[in-house]
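The structure appears right after this line, and notes come after that.
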Amino acid sequence: MAISQDIYGGNDYLPHRYHSWMTEPGRVVIIARRGRNLVALESGLVVDGGETVIVEGLRVCPKERGCGLAGVIQRFVDGYIKKVYPNVKTKHLTRGDDPGPEKLHKFTLLARRAVLSLRGDSEGFDSFVSSLKEKLVVSDESNSSRSLVPVKDLDALKAFLFDSDLSSRLQLPGGAIIQDWQPLKLMESNLDILARRNLTWIVDGSGGKPLFMSFHTSPDPIPYNGGSLRFNIDLYGTETSLAKKSLTTHLNSVKSEIQGLVLVYIYMHQTLSKDLKRFCEGHDTVKQFQNFWEQLFLEKELY
């Protein structure tokens, strides 16, 4: 796992997920060696009924960075995927930085999402959640006529996700759900992938045409600061009051699982970013971790 040194400033998910990747259906993991030493890694997950590969986990060991090795393993993985999964036509990836027009011209930019990150510890997390609840009461948004409900039944989730105009109503990025950096089209074959993620789903349950959907992952260990927790919250929709209620509900549901230091990453439509940033400000121990940044959803034809 030394290959993850300095990756994402200690936020690297790979040490925690590497072993589960070895057995995940539709997953390919390629490693490169120079002599006896592992020097690079990249993975691909085949989704969308076998027509798309999501590439992720590109790593190059510190001593080999800047020597072109990333391009070598990327080209190899593309060719290998086409050989093993000949029906794959499209390559999807997400990244948290804007590489500029020179590199982006090789891809189609499908969507951008805003990312808000928070940093806090278990001692202050409970009071932070309580302060958000109080803000909802003061603004009267907690008493909004639109209620949020958990979705635990797969059939209920299926009925919700396959609503014909859900994508436009919630302004889904690129018409997809991006679950933990993995873009998935709204199709039945992807439900098995979502089911494996052990997500906690919340939807706007106030009518036949919901205006909001969200989910979070369980807190996972990361190397940051000698050992911390990280979890992601994905918000879909543009209603500010529902976004605040959803965020508060997700944070409240995991507060008992928080031990030590925790980093929270919240992904959302760009129009929500300023309001949610203000909503989370003003607490002594849970504060914004990084400046606002964006998640880019990219696509490329795989020949």
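The shown structure was predicted, so the numbers you read here are calculated from the model rather than taken from an experiment. Residue numbers run from 1 in the order of the sequence given. The figures that follow rest on heavy atoms only: side chains count, while hydrogens, waters and symmetry mates do not.
Linking ILVMFWY side-chain heavy atoms closer than 4.5 Å, directly or via other members, places Leu118 and Met268 in a single hydrophobic cluster. At a threshold of 4.5 Å between side-chain heavy atoms, the hydrophobic network of Ile, Leu, Val, Met, Phe, Trp and Tyr places Leu186 and Val203 in one connected group. A continuous path of ILVMFWY side-chain contacts below 4.5 Å connects Leu14 to Met22, so both sit in one hydrophobic cluster. Connection of Phe215 to Leu166 is established within a shared hydrophobic cluster, with ILVMFWY side chains joined at heavy-atom distances below 4.5 Å, either directly or through further cluster members.
A salt bridge is absent between Arg33 and Glu64: the closest approach of a Lys/Arg side-chain nitrogen to an acidic carboxylate oxygen does not fall below 4.0 angstrom. Salt-bridge formation is detected for the pair Arg17/Asp180: a Lys NZ or Arg NE/NH1/NH2 atom is positioned less than 4.0 Å from an Asp or Glu carboxylate oxygen. Looking at Arg278 and Asp275, a side-chain N of the basic residue comes within less than 4.0 Å of a carboxylate O on the acidic one, giving a salt bridge. Using a cutoff of 4.0 Å between basic side-chain nitrogens and carboxylate oxygens, Lys185 and Glu51 are not scored as salt-bridged.
The minimum heavy-atom distance between Thr52 and Val88, with the atom names listed, is C-CG1, 4.2 Å. Leu272 approaches Ala243 most closely through the heavy-atom pair CD1-CB, 3.9 Å. The minimum heavy-atom distance between Gly10 and Ile222, with the atom names listed, is O-CB, 3.8 Å. The two atoms that bring Glu42 and Ile73 nearest to each other are N-CD1, 3.7 Å, heavy atoms only. Shortest non-hydrogen contact noted between Ser228 and Asn225 is OG-CB, 4.0 Å. Residues Ser122 and Ile258 come closest through the heavy atom pair CB-O, 3.3 Å.
With hydrogens and angles disregarded, a donor-acceptor distance shorter than 3.5 Å links the side chain of Lys135 to the backbone of Phe279. Using a distance-only test at 3.5 Å, with no hydrogens or angles considered, a donor-acceptor pair links the side chain of Lys287 to the main chain of His283. For the pair Thr248 (side chain) and Leu132 (backbone), a donor-acceptor distance under 3.5 Å is absent.
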For this session: Show your reasoning for whether side chain to side chain donor-acceptor pair (under 3.5 Å) applies to Lys63 and Asn37.
Result: CA-CA 11 Å; Lys63 292 183 180 180; Asn37 296 321; over 6 Å; no
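Ring centroid separation for the pair Tyr8 and Tyr224 does not come in under the 6.0 Å cut-off.
By the side-chain contact (heavy atoms from CB on, under 4.5 Å) test, Asn291 pairs with no residue at all, sequence neighbours left out. Applying the side-chain contact (heavy atoms from CB on, under 4.5 Å) rule to Ser167 yields the partners Leu172; only residues at least two apart in sequence or on another chain are considered.
With Phe128 as the aromatic partner, Arg119 does not meet the cation-pi criteria of under 6.0 angstrom to the ring centre and within 45 degrees of the ring axis. Under a cutoff of 6.0 Å and an axis angle of 45°, Arg230 and Tyr265 form a cation-pi pair.
The line from NZ of Lys82 to NZ of Lys89 is 8.5 Å long, rounded to the nearest 0.5 Å.
Residues Pro183 and Ile54 have side chains in contact (heavy-atom distance under 4.5 Å, counting atoms from C-beta outward).
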